[in-house]
Trainee: 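The structure's right below; bear with me while I get my questions together.
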Amino acid sequence: MLFRHNADLARSQSTLQHALRAAIARHQANQLRELLHQHGAQAYAGALSPLPGPVIADALSILQEQDRIRVQRLLTADARRRYTPFN
């Protein structure tokens, strides 16, 4: 049962990551915000964490400050090192 749960979680994470990448590529701010609200900050951060730093920065720059801070705190340590906020 645990394996099935992990497989379902991985598939869900992959789907979210694909949706995030598409929304970032198309600069769809509303879609990025909607994905955060649908999936929550933990899943959003988990899907962003493996992405390149500039992609993470682009995605986070679109969020409202409180949402951006919440997601930033949940990124993996490696992702936080790669991520450089836009000024």
Side-chain angles (χ1 to χ4, degrees):
M1 185 65 147
L2 182 59
F3 176 74
R4 184 176 184 171
H5 174 72
N6 288 343
D8 290 344
L9 185 60
R11 188 173 16 268
S12 175
Q13 195 75 0
S14 175
T15 301
L16 175 55
Q17 190 176 71
H18 179 74
L20 281 170
R21 281 182 171 271
I24 293 165
R26 294 184 183 108
H27 302 286
Q28 295 175 320
N30 289 337
Q31 180 66 22
L32 287 168
R33 290 185 199 106
E34 184 63 27
L35 289 167
L36 172 60
H37 294 291
Q38 283 179 354
H39 296 276
Q42 184 71 46
Y44 197 91
L48 280 180
S49 286
L51 300 177
V55 176
I56 295 171
D58 199 16
L60 292 180
S61 71
I62 292 169
L63 300 177
Q64 293 180 351
E65 184 177 6
Q66 64 195 29
D67 289 333
R68 181 174 45 254
I69 291 168
R70 195 167 37 130
V71 172
Q72 279 178 274
R73 289 180 179 156
L74 294 169
L75 291 171
T76 63
D78 185 50
R80 285 193 303 273
R81 281 190 293 274
R82 290 190 322 273
Y83 160 67
T84 303
F86 295 130
N87 290 329

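Numbering of residues begins at 1 and proceeds along the displayed sequence. This is a predicted model, so every value here is computed, not measured.
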Trainee: Using the salt bridge (charged side-chain N to carboxylate O under 4.0 Å, His left out) rule, collect all pairs that involve residues 59-76, keeping only residues at least two apart or in two chains.
Mentor: Asp67-Arg70

Trainee: To the nearest 0.5 Å, what is the distance between CG on Leu32 and CD1 on Ile62?
Mentor: 4.5 Å

Trainee: As an exercise, state the distance from CG of Leu16 to CZ of Arg21, rounded to the nearest 0.5 Å.
Mentor: 12.0 Å

Trainee: List the atom pairs, with distances to 0.1 Å, where a side-chain N or O of residues 41-56 and a protein N or O form a donor-acceptor pair under 3.5 Å, not counting sequence neighbours.
Mentor:
| residue | atom | partner | partner atom | Å |
| --- | --- | --- | --- | --- |
| Ser49 | OG | Ala45 | O | 2.8 |
| Ser49 | OG | Thr76 | N | 3.1 |

Trainee: Can you tell me which residue pairs pass the side-chain hydrogen bond (donor to acceptor under 3.5 Å, both in side chains) test with a partner in residues 26-37, sequence neighbours excluded?
Mentor: Asn30-Arg33, Glu34-Gln38

